[in-house]
Protein chains: 2
Amino acid sequence: MRITKQKKIIVSVLSKREDHPTATELYSEVKEIIPKISLGTVYRNLDILTKKGMIQVIDVAGKEKRYDPKKEKHYHFKCLSCGALEDIPVAIKPPEVDIHDAWFDGRVVEGFTLEMIGLCPICATKRGDSRDA
Amino acid sequence: MRITKQKKIIVSVLSKREDHPTATELYSEVKEIIPKISLGTVYRNLDILTKKGMIQVIDVAGKEKRYDPKKEKHYHFKCLSCGALEDIPVAIKPPEVDIHDAWFDGRVVEGFTLEMIGLCPICATKRGDSRDA
DNA sequence: TTATATGCAAAGTGTTTGCATAGCA
DNA sequence: TGCTATGCAAACACTTTGCATATAA
């Protein structure tokens, strides 16, 4: 992997954010620094950086992917109303399942994908009646 | 909601399946019964039926949506190699989290999305070396 | 009868890719 | 120097939508 100006700026922009931007959001911001950068390059680099373990993708069901500068595993809270995705800073005890149950024979269990859903503070105060899911 | 021939056939075809077909797969099968049906109608009806709670959508991250004739909540096992999605017939103890933690103040917690991931029996016997994620 | 649902095709959205050129190592 | 990465635009996969017509109630 070549360390290009594009990669450096993408990582730097992503790392400075507290939230989890989409490729397009990142693109807009990076474009202010490298005006000629293309969306394709952003996607390509995001993909490479993810595979190298330098960032994480959050594959939000039914929505655009979002990117996370953190390398450590952690869970997210997704707002059903506005789609915001936040890191959960509280400990979660993972689900328990008896993988020795006969049904699992022949299967390789790698783990779980887990996401907490609800309403973020902003949408919750709007009484949650604007929720679209 | 009008009970049209299209809706009846879609539900009937979906209910007869053991797996979780995509809209396109359902479309091909329904087309054998109603040759002139359009993909748009299939998508529209799948959406309506889901909102009515008559079927469920499984919003697979990064992949096409899949549909499930079951109405009850249950979890799925997703194969990282071939993408197959199966119902897990084994009890899973949901994750535990202290929603009284200060971080949750102002948020409305509705629950979790949870998916078990790994390799299905077929891909596991291929030694898992074809896995693409 | 009449408003909702359909078929068709076009448009949308998010993401990937082919290719000639630019630029890192 | 040589090969990977870039910019650009076209292609993609999946899903949604506008519109005139058909049809359930």
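Predicted, not measured: the structure shown is a model, and the values here were computed from it. Here is the naming used below: chain letters follow the sequence lines, and residue numbers restart at 1 for every chain.
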(message) Just to verify, what does Arg107(A) make a salt bridge (Lys or Arg N to Asp or Glu O under 4.0 Å) with, not counting sequence neighbours?
(response) Glu86(B)
Interface polar pairs with nucleotides 2-5 of chain D, N/O, under 3.5 angstrom:
{"unit_1": "dG2(D)", "atom_1": "N2", "unit_2": "Arg2(A)", "atom_2": "NH2", "d": "3.2"}
{"unit_1": "dC3(D)", "atom_1": "O2", "unit_2": "Arg2(A)", "atom_2": "NH1", "d": "3.4"}
{"unit_1": "dC3(D)", "atom_1": "O2", "unit_2": "Arg2(A)", "atom_2": "NH2", "d": "2.8"}
{"unit_1": "dT4(D)", "atom_1": "O4'", "unit_2": "Arg2(A)", "atom_2": "NH2", "d": "3.3"}
{"unit_1": "dT4(D)", "atom_1": "O2", "unit_2": "Arg2(A)", "atom_2": "NH1", "d": "2.7"}
{"unit_1": "dA5(D)", "atom_1": "OP1", "unit_2": "Arg2(A)", "atom_2": "N", "d": "3.3"}

(message) Is there a path of hydrophobic side-chain contacts, each under 4.5 Å between heavy atoms, that joins Leu114(A) and Ile99(A)?
(response) yes
(request) State, to the nearest 10°, the angle formed by the axis through the first five base pairs of the helix from dT1(C)-dA25(D) to dA25(C)-dT1(D) and the axis through its last five. (result) 40°
(message) Among residues at least two apart in sequence or on other chains, which ones pass salt bridge (Lys or Arg N to Asp or Glu O under 4.0 Å) with Asp101(A)?
(response) none
(message) Check for me, please, whether Ile88(B) and Ile122(B) land in the same ILVMFWY cluster - side-chain distances under 4.5 Å, paths through other members count.
(response) no
(message) Please give me every residue in residues 10-39 of chain A whose heavy atoms get under 4.0 Å of an atom in DNA chain C, ordered by residue number.
(response) Leu39(A)
(request) List for me each residue that meets salt bridge (Lys or Arg N to Asp or Glu O under 4.0 Å) alongside Lys51(A), sequence neighbours excluded, and say none if there are none. (result) Asp47(A)
(request) Applying side chain to side chain donor-acceptor pair (under 3.5 Å), name anything that partners Arg2(B), two or more places apart in sequence or on another chain. (result) none
(message) Which heavy atom of Gly106(B) sits nearest to which heavy atom of Ala124(A), and what is that distance?
(response) O-CB, 3.2 Å
(message) For residues 61-85 of chain A, which residue pairs pass the ring pair (Phe, Tyr, Trp, His ring centres under 6.0 Å) check, not counting sequence neighbours?
(response) His20(A)-His76(A), His74(A)-His76(A), Phe77(A)-Trp103(B)
Below 3.5 Å, can you tabulate the donor-acceptor pairs from side chains in residues 34-43 of chain A to any protein atom, sequence neighbours excluded?
{"unit_1": "Ser38(A)", "atom_1": "OG", "unit_2": "Thr41(A)", "atom_2": "N", "d": "3.3"}
{"unit_1": "Ser38(A)", "atom_1": "OG", "unit_2": "Thr41(A)", "atom_2": "OG1", "d": "3.1"}

(request) Among Ile9(A), Ile10(A), Val11(A), find the residue that satisfies the side chain to side chain contact (heavy atoms under 4.5 Å, CB included) test when tested with Val13(A). (result) Ile9(A)
(request) Map Arg66(A) and Ile3(A) onto DNA chain C by nearest heavy atom, then report which one ends up closer to the 5' terminus. (result) Arg66(A)
(request) Grab the CD-P distance between Glu64(B) and dT16(D) for me, whole Å please. (result) 13 Å
(message) What range of DNA chain C does chain A touch, first nucleotide to last, counting atoms under 4.0 Å from its heavy atoms?
(response) dG14(C) to dA25(C)
(request) Spell out, yes or no, whether Leu119(A) and Phe112(B) are grouped together once hydrophobic residues are joined by side-chain heavy atoms under 4.5 Å, including indirect joins. (result) no
(message) List the residues meeting ring pair (Phe, Tyr, Trp, His ring centres under 6.0 Å) with Phe104(A), not counting sequence neighbours, and say none if there are none.
(response) none
(request) Specify the separation, in whole Å, of atom NZ of Lys5(B) and atom P of dA25(D). (result) 13 Å
(request) May I ask you to list the residues sharing a hydrophobic cluster with Ile58(B), side-chain cutoff 4.5 Å, ordered by chain and number? (result) Val60(B), Leu85(B)
